[in-house]
Novice: 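My questions will all concern the structure given below.
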Amino acid sequence: MVTSLACPKFVPLVESNEYDSAIAKKVVAEILASFEKRRIDTLILGCTHYPLLHSIIQNVMGDSCHVNDSGCRKQSVKSSTI
């Protein structure tokens with residue numbers, strides 16, 4: 001099953017350089033709380049801003065969830081092609 005979740009509050013956190021703050025941890029936890037009762041095994045970060053929140057997102061989702069940073073993957077593929 002594929003589920004999507006819009007996270008518009010994540011972008012301002014990154015753009016205001018708050019991506020490693022207590023505020024970011026609280027906002028990420030609140031937004032991802034809807035996944036608590038579901039058994040999410042993979043979470044795909046679908047925005048170029050979200051990789052900066054990767055560690056917070058991973059902490060909230062737990063070790064049993066693979067957080068896929070598609071921006072990072074694209075960068076490594078691009079780097080290896082150049």
Side-chain angles (χ1 to χ4, degrees):
M1 173 189 235
V2 176
T3 304
S4 65
L5 177 67
C7 303
K9 292 182 179 180
F10 287 6
V11 173
L13 288 171
V14 172
E15 289 182 348
S16 64
N17 206 28
E18 292 287 330
Y19 56 87
D20 197 27
S21 68
I23 294 168
K25 291 174 187 174
K26 181 180 180 194
V27 169
V28 170
E30 287 174 357
I31 290 173
L32 297 181
S34 65
F35 288 141
E36 273 184 40
K37 294 181 181 168
R38 300 177 189 175
R39 293 188 178 183
I40 305 293
D41 62 355
T42 304
L43 184 100
I44 300 171
L45 305 181
C47 175
T48 57
H49 290 76
Y50 297 173
L52 291 170
L53 296 167
H54 185 278
S55 62
I56 296 173
I57 293 169
Q58 185 69 68
N59 286 337
V60 169
M61 295 305 295
D63 291 335
S64 63
C65 180
H66 174 72
V67 178
N68 184 334
D69 178 352
S70 58
C72 187
R73 174 76 179 131
K74 288 178 186 173
Q75 180 62 37
S76 62
V77 168
K78 185 177 178 181
S79 296
S80 67
T81 344
I82 297 177

Novice: With a 4.5 Å cut-off on side-chain heavy-atom distances among I, L, V, M, F, W and Y, is there a chain of contacts connecting I31 to I23?
Specialist: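 Yes, one cluster joins them.
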Novice: For the atom pair CG (N68) and CG (L43), what is the distance rounded to the nearest 0.5 Å?
Specialist: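 Spacing of CG (N68) from CG (L43) equals 9.0 Å.
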Novice: Which heavy-atom pair separates S16 from P12 by the least distance, and what is that distance?
Specialist: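 In this case the closest contact between S16 and P12 is OG-O, 2.7 Å.
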Novice: Any side chain to side chain donor-acceptor pair (under 3.5 Å) pairs touching residues 20-36, not counting sequence neighbours?
Specialist: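 Only E18-S21 qualify under side chain to side chain donor-acceptor pair (under 3.5 Å).
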Novice: Are I44 and V14 connected, step by step, through hydrophobic side chains (Ile, Leu, Val, Met, Phe, Trp, Tyr) whose heavy atoms are closer than 4.5 Å?
Specialist: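 As far as the 4.5 Å side-chain criterion goes, V14 and I44 are not connected within one cluster.
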Novice: Roughly how far apart are L52 CG and L13 CG, rounded to 0.5 Å?
Specialist: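 Reported value, rounded in 0.5 Å steps: 11.0 Å.
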Novice: Measure the spacing between CZ of R39 and SG of C65 and express it to the nearest 0.5 Å.
Specialist: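 Output value for this atom pair is 13.5 Å.
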Novice: With side chains defined as the heavy atoms from C-beta onward, is the minimum distance between Y50 and T48 less than 4.5 Å?
Specialist: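 Contact flag for Y50/T48 side chains = no.
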Novice: Answer whether the closest heavy-atom distance between the side chains of C47 and F10 falls below 4.5 Å.
Specialist: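 Heavy-atom side-chain distance check fails, nothing below 4.5 Å.
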Novice: Report the residues that fulfil side chain to side chain contact (heavy atoms under 4.5 Å, CB included) with S64, sequence neighbours left out, ordered by chain and then residue number.
Specialist: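 For S64, no residue satisfies side chain to side chain contact (heavy atoms under 4.5 Å, CB included) once neighbours in sequence are set aside.
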Novice: Would you name the heavy atoms of L5 and F35 that are closest together and state the gap between them?
Specialist: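 Result for this residue pair: CD2-CE1, 3.7 Å.
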Novice: State the NZ-CG distance between K9 and L53, to the nearest 0.5 angstrom.
Specialist: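 Here the interatomic distance stands at 14.0 Å.
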Novice: What's the spacing between L32 CG and N59 CG if we round to 0.5 Å?
Specialist: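 Answer rounded to 0.5 Å: 11.5 Å.
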